[in-house]
Visitor: 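Quick one: the structure is below, questions incoming.
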Amino acid sequence: MTALIQRVSSASVQIDGKIKASIQKGLLIFLGVRSGDDGKEAGMLARKTAALRIFNDSAEKINLSVTDISAEAMVLSQFTLCADTRKGNRPSFINAAQPDKAAPLYEEFVLQLRNIIGAGRVQTGEFGADMKVELINDGPVTI
């Protein structure tokens, strides 16, 4: 399981021209599920994501987590994070889990994150949908 995490001032996702979800200050999390991933890994990654200290404290040091500042999070599925680009110019997605395996693990990650930081503070896109994402990257900080 791979997560690309961006600290954002705001983010939103549109599906079919309609805003599906939006957040203010918080984390935009792109989640790629690999073949062989399991629920244990989803829980571990959710805990790690919530605990990452990537927000500024009063001394402007990167020292606070999303839970410390009561911020929001948005999780979007993104199988392209599993791309293998070692050969040629066309990425291979053979390492990405099949949708029937990836969707439940994506949902498990979201559930675990909601349990940690609060259900009302975690928004999602739609697994497998063509999504248009807008964000204002804060920093920028990307992990």
Visitor: Do Asn137 and Leu28 come close enough that some side-chain heavy atom pair is under 4.5 Å?
Guide: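 A side-chain contact under 4.5 Å is absent here.
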
Visitor: For a 4.5 angstrom cut-off between non-hydrogen side-chain atoms, does Val141 reach Phe55?
Guide: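 The answer is no, as the side chains (C-beta and beyond) never meet within the 4.5 Å cut-off.
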
Visitor: Under the side-chain contact (heavy atoms from CB on, under 4.5 Å) criterion, do Leu45 and Lys40 qualify, and how do the steps go?
Guide: CA-CA 9 Å; Leu45 187 56; Lys40 182 178 177 184; over 6 Å; no

Visitor: Between Thr67 and Ile116, is any pair of side-chain heavy atoms under 4.5 Å apart?
Guide: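 With C-beta onward as the side chain, the pair touches.
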
Visitor: Compare all side-chain heavy atoms of Phe30 with those of Val75 and state whether any distance is below 4.5 angstrom.
Guide: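 They are not in contact (no side-chain heavy atoms under 4.5 Å apart), so the answer is no.
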
Visitor: Val66 versus Leu52: any side-chain heavy-atom pair under 4.5 Å?
Guide: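 In short, these two side chains do not touch, never coming nearer than 4.5 Å.
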
Visitor: Rounded to the nearest 0.5 Å, what separation is found between the OG1 atom of Thr80 and the CD atom of Gln78?
Guide: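 The OG1 atom of Thr80 sits 3.5 Å away from the CD atom of Gln78.
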
Visitor: What is the minimum heavy-atom distance between Gly26 and Ala71, and which atoms define it?
Guide: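 Scanning both residues, the minimum pair turns out to be CA-CB, 3.8 Å.
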
Visitor: Ignoring hydrogens and geometry, is there a side-chain-to-backbone donor-acceptor pair from Arg121 to Ile117 under 3.5 Å?
Guide: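 The answer is yes, because a donor-acceptor pair under 3.5 Å joins these two groups.
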
Visitor: I'd like to check Met1 versus Leu31 (side-chain heavy atoms, cut-off strictly below 4.5 Å). Are they in contact?
Guide: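 A side-chain contact exists here, since the closest heavy-atom pair is under 4.5 Å.
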
Visitor: According to side chain to side chain contact (heavy atoms under 4.5 Å, CB included), who are the partners of Ala103, at least two apart in sequence or on a separate chain?
Guide: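 With neighbours one apart ignored, the set is Phe127.
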
Visitor: Whether the side chain of Arg114 engages the backbone of Val122 through a donor-acceptor N/O pair (distance < 3.5 Å, no angle test) should be reported.
Guide: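 Yes, Arg114 side chain to Val122 backbone: donor-acceptor pair under 3.5 Å.
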
Visitor: If we ignore hydrogens and angles and just use 3.5 Å, is the side chain of Glu72 paired with the main-chain N or O of Lys25 as donor and acceptor?
Guide: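 No, Glu72 side chain to Lys25 backbone: no donor-acceptor pair under 3.5 Å.
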
Visitor: What's the spacing between Asp38 CG and Met44 CE if we round to 0.5 Å?
Guide: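 The CE atom of Met44 is 9.0 Å from CG of Asp38, to the nearest 0.5 Å.
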
Visitor: Work out which heavy atom in Ser65 is nearest to a heavy atom in Ala50; give both atom names and the distance.
Guide: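 Looking at all heavy atoms of both residues, the shortest contact is CB-O, 3.3 Å.
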
Visitor: If every non-hydrogen atom of Cys82 is compared with every non-hydrogen atom of Gly32, which pair is closest and at what distance?
Guide: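 Heavy atoms of Cys82 and Gly32 come nearest at SG-C, 3.9 Å.
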
Visitor: Mind listing the closest non-hydrogen atom pair of Ala3 and Ile29 along with its distance?
Guide: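 So the two residues come closest at CB-CG2, 4.2 Å.
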
Visitor: Using every non-hydrogen atom in the two residues, find where Ala46 and Gln112 come nearest and quote the distance to one decimal.
Guide: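 That closest heavy-atom pairing would be CB-CB, 3.6 Å.
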
Visitor: How long is the gap from CD on Gln6 to CG on Leu27, to the nearest 0.5 Å?
Guide: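 So the gap between those two atoms works out to 10.0 Å.
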
Visitor: Salt bridge between Asp16 and Lys18, side-chain N to carboxylate O under 4.0 Å?
Guide: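 Looking at Asp16 and Lys18, the cut-off is not met.
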
Visitor: Can you tell me how far apart CD1 (Ile136) and CD (Gln24) are? Round to the nearest 0.5 Å.
Guide: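 Reported to 0.5 Å precision, the distance equals 8.5 Å.
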
Visitor: May I ask you to test the Asn56-Leu64 pair for a side-chain heavy-atom distance under 4.5 Å?
Guide: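 Asn56 does not reach Leu64 side chain to side chain.
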
Visitor: If hydrophobic clusters are built by linking Ile, Leu, Val, Met, Phe, Trp and Tyr wherever their side-chain heavy atoms come under 4.5 Å apart, do Val8 and Val133 end up in the same one?
Guide: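 Same cluster: Val8 reaches Val133 through Ile, Leu, Val, Met, Phe, Trp or Tyr contacts under 4.5 Å.
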
Visitor: With a 4.5 Å limit on heavy-atom distance, are the side chains of Leu105 and Lys101 in contact?
Guide: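 With C-beta onward as the side chain, the pair stays apart.
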
Visitor: Could you tell me the separation between the CD1 atom of Ile15 and the CG atom of Asp130, rounded to the nearest 0.5 Å?
Guide: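 Spacing of CD1 (Ile15) from CG (Asp130) equals 9.0 Å.
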
Visitor: Any chain of hydrophobic side-chain contacts (each under 4.5 Å) joining Ile54 to Met74?
Guide: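 No, Ile54 and Met74 fall in different hydrophobic clusters.
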
Visitor: Hey, what do you get for CE (Met131) to CG (Leu76), rounding to the nearest 0.5 Å?
Guide: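 Met131 CE to Leu76 CG: 5.0 Å, rounded to 0.5 Å.
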
Visitor: Is it true that Val110 and Val13 fall in one hydrophobic cluster, defined by side-chain heavy atoms closer than 4.5 Å?
Guide: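 Hydrophobic grouping puts Val110 apart from Val13.
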
Visitor: Say whether Ile143 and Leu113 are linked into one hydrophobic cluster, either directly or through other cluster members, by side-chain heavy-atom distances under 4.5 angstrom.
Guide: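 Yes, because Ile143 and Leu113 connect within a single hydrophobic cluster, where side-chain heavy atoms sit under 4.5 Å apart.
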
Visitor: For Ala59, does its backbone N or O pair with a side-chain atom of Asp57 as donor and acceptor, under 3.5 Å?
Guide: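 Yes, because the side chain of Asp57 sits within donor-acceptor range (under 3.5 Å) of the backbone of Ala59.
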
Visitor: Looking at Pro91 and Asn89, what are the two nearest heavy atoms and their distance?
Guide: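 Result for this residue pair: CD-O, 3.6 Å.
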
Visitor: Should Tyr106 and Leu81 be counted in the same cluster of Ile, Leu, Val, Met, Phe, Trp and Tyr side chains packed under 4.5 Å apart?
Guide: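 They do not share one cluster, since no chain of ILVMFWY contacts under 4.5 Å joins Tyr106 to Leu81.
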
